[in-house]
Amino acid sequence: MGIVRQKLRNIYGILHEYFGEQQWWPAEDKDEIVIGAVLTQNTAWINVESAIKNLKKYDICSFKGILNTKISVLKEQIKPAGFFNQKAQYLKNISEFFIENGEFERLSKYDLYNLRDKLLHVSGVGYETADSILLYAFDMPIFVVDAYTKRVLNRHNITDSTNYNRLQHIFMDNCADDAYLFAQYHALIVETAKNFCKVRPLCDDCPLKGI
DNA sequence: CACCAGGAATGTA
DNA sequence: TACATTCATGGT
């Protein structure tokens with residue numbers, strides 16, 4: 001039993017005990033998960049909810065809905081999520097990708113890393129967005145790394161790396177290969193950051209303090 | 001007023 | 001490979 005494995009188990013145990021089971025990804029369907037994954041890039045989730053609410057109001061919160069909407073209109077509706085000029089085009093790109101590739105039914109036939117590569121070729125989809133889609137929309141076992149994850153691993157002296165794929169493999173090499181576990185773990189880390197560690201991780205009242 | 005949020009693309013060295 | 005810059009709204 002490696003020390004890293006022990007630390008990751010410990011962190012998960014503490015967070016799960018503190019916050020309980022997480023309900024992620026909050027969305028009505030898979031299209032909405034993908035759309036939300038793009039809209040939430042460097043943006044507070046509350047603003048994404050506002051943007052998605054606008055899309056639903058016009059019944060265009062879907063790949064087909066986005067493709068059938070003029071980009072000028074799309075920009076206006078997703079404005080609360082910020083970076084609306086680029087995100088409107090990103091939504092067009094990812095929607096076109098899904099429609100042209102047979103949506104979830106056909107794409108789910110690819111194995112994990114083949115599909116990951118295909119997603120990463122869509123302009124507007126980087127590592128975190130791709131992995132969020134794979135984990136939460138396709139239910140594939142891959143760990144999502146975000147800014148908070150990097151902080152936690154750094155502050156707990158698990159690694160000083162900031163490389164996305166290296167951080168991801170630290171988790172995946174030391175945890176069970178389980179989509180549910182990865183989904184919970186990422187959600188718990190985000191929840192911790194939302195509640196305690198916005199500016200200074202491991203602040204006095206953080207549940208991870210002292211480990 | 002400054003700072004941050006469930007990042008990615010692009011350019012530079 | 002490793003940084004720097006740009007994109008933009010809304011809450012604290």
Side-chain angles (χ1 to χ4, degrees), chain A residues 11-12 15 19 21-28 30-55 61 71-97 116-138 142-154 159-169 171 179 182-203 205-206 208:
Chain A
I11 290 171
Y12 182 82
L15 295 182
F19 291 106
E21 183 179 34
Q22 300 300 298
Q23 307 297 324
W24 268 43
W25 190 288
E28 289 183 10
K30 294 179 180 178
D31 286 26
E32 186 180 331
I33 294 177
V34 175
I35 291 166
V38 170
L39 290 177
T40 197
Q41 291 169 2
N42 201 44
T43 299
W45 183 253
I46 184 70
N47 295 330
V48 177
E49 289 183 316
S50 177
I52 288 179
K53 186 176 177 183
N54 289 342
L55 295 177
C61 191
I71 196 161
S72 59
V73 175
L74 196 52
K75 288 180 181 178
E76 192 61 30
Q77 301 312 317
I78 68 171
K79 210 166 224 174
F83 304 117
F84 55 86
N85 287 306
Q86 36 186 355
K87 284 180 180 175
Q89 184 59 54
Y90 291 171
L91 289 178
K92 287 280 189 182
N93 297 344
I94 192 69
S95 296
E96 182 178 30
F97 170 80
R116 188 174 194 255
D117 287 338
K118 293 174 80 68
L119 287 170
L120 288 173
H121 279 102
V122 178
S123 179
V125 178
Y127 294 131
E128 186 178 343
T129 305
D131 291 338
S132 295
I133 292 170
L134 291 166
L135 178 60
Y136 293 106
F138 285 90
I142 193 160
F143 190 83
V144 179
V145 175
D146 69 340
Y148 305 137
T149 309
K150 297 180 182 178
R151 290 185 206 167
V152 171
L153 293 185
N154 293 339
T159 178
D160 58 352
S161 175
T162 60
N163 180 279
Y164 186 97
N165 290 323
R166 272 215 288 277
L167 294 174
Q168 179 176 61
H169 280 292
F171 276 91
F182 294 151
Q184 288 295 305
Y185 210 151
H186 174 66
L188 286 168
I189 289 175
V190 173
E191 199 61 26
T192 306
K194 277 185 177 176
N195 288 282
F196 296 104
C197 306
K198 296 191 179 199
V199 178
R200 193 162 59 85
L202 309 185
C203 53
D205 53 352
C206 176
L208 293 181

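Just so you know, these numbers use all the heavy atoms, side chains as well, and skip hydrogens, waters and symmetry mates. So that the names make sense, note that chain A is the first sequence line, chain B the second, and so on, each numbered from 1. In this text, all values refer to a predicted model and were calculated from it rather than measured experimentally.
- One atom, CZ of F196(A), and another, P of dA5(B), lie 16 Å apart when rounded to the nearest Å.
- K79(A) has its NZ atom 15 Å from the P atom of dC7(C), to the nearest Å.
- Atom CD in Q77(A) sits roughly 15 Å away from atom P in dT9(C) (whole-Å rounding).
- Distances from the side chain of F83(A) to the nucleotides dA2(C), dG6(B), dC7(C) place dC7(C) closest.
- Ranking dA8(B), dG6(B), dA8(C) by closeness to the P26(A) side chain, first place goes to dG6(B).
- Distance check on atom C1': dA4(C) versus dG6(B) gives 23 Å, rounded to whole Å.
- With rounding to the nearest 0.5 angstrom, the CH2 atom of W24(A) is 7.5 Å from the CD atom of E191(A).
- Between the CD atom of Q89(A) and the P atom of dT10(B) there is a distance of 11 Å, rounded to whole Å.
- Mapped onto DNA chain B by nearest heavy atom, G124(A) and T40(A) fall at different nucleotides, with T40(A) at the one closer to the 5' end.
- Comparing dA8(C), dA9(B), dG6(B) against the side chain of N85(A) picks out dA8(C) as the nearest.
- Among the protein residues, V122(A) comes within range of the sugar-phosphate backbone only, with heavy atoms under 4.0 Å from sugar or phosphate atoms but none that close to a base.
- Looking at heavy-atom distances under 4.0 Å, F84(A) makes contact with sugar-phosphate atoms alone, never a base.
- Residue V38(A) is out of contact with every strand shown, counting any heavy-atom pair closer than 4.0 Å.
- Counting non-hydrogen atoms under 4.0 angstrom, E128(A) reaches the backbone sugars and phosphates but no base.
- Counting only heavy atoms from C-beta outward, the side chains of Y136(A) and H186(A) approach each other to under 4.5 Å.
- Distances from the side chain of N163(A) to the nucleotides dA5(B), dT1(C), dG10(C) place dT1(C) closest.
- Test D146(A), T149(A), D131(A) against Y164(A) for side chain to side chain donor-acceptor pair (under 3.5 Å) and you get one pass: D131(A).
- Screening L74(A), I78(A), L91(A), L39(A) for a side-chain contact (heavy atoms from CB on, under 4.5 Å) involving F84(A) leaves a single residue, I78(A).
- The separation between R151(A) atom CZ and dA5(B) atom C1' is 10 Å, rounded to whole Å.
- Side-chain proximity of Q86(A) to the nucleotides dG7(B), dG6(B), dA9(B) is greatest for dG7(B).
- Looking at the side chain of N47(A), the nearest of the listed nucleotides dT9(C), dG6(B), dG7(B) is dT9(C).
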Next item on the list: Please lay out, stage by stage, how F171(A) and F182(A) fare under the test ring pair (Phe, Tyr, Trp, His ring centres under 6.0 Å).
Entry: CA-CA 9 Å; F171(A) 276 91; F182(A) 294 151; 8.1 Å; no
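- In this structure, N93(A) places its CG atom 12 Å from C1' of dA8(B), rounding to the nearest Å.
- Each of W25(A) and Y90(A) was matched to the nucleotide of DNA chain B holding its nearest heavy atom; the match closer to the 5' end belongs to W25(A).
- Counting any heavy atom pair closer than 4.0 Å across all strands shown, S50(A) reaches no nucleic acid atom.
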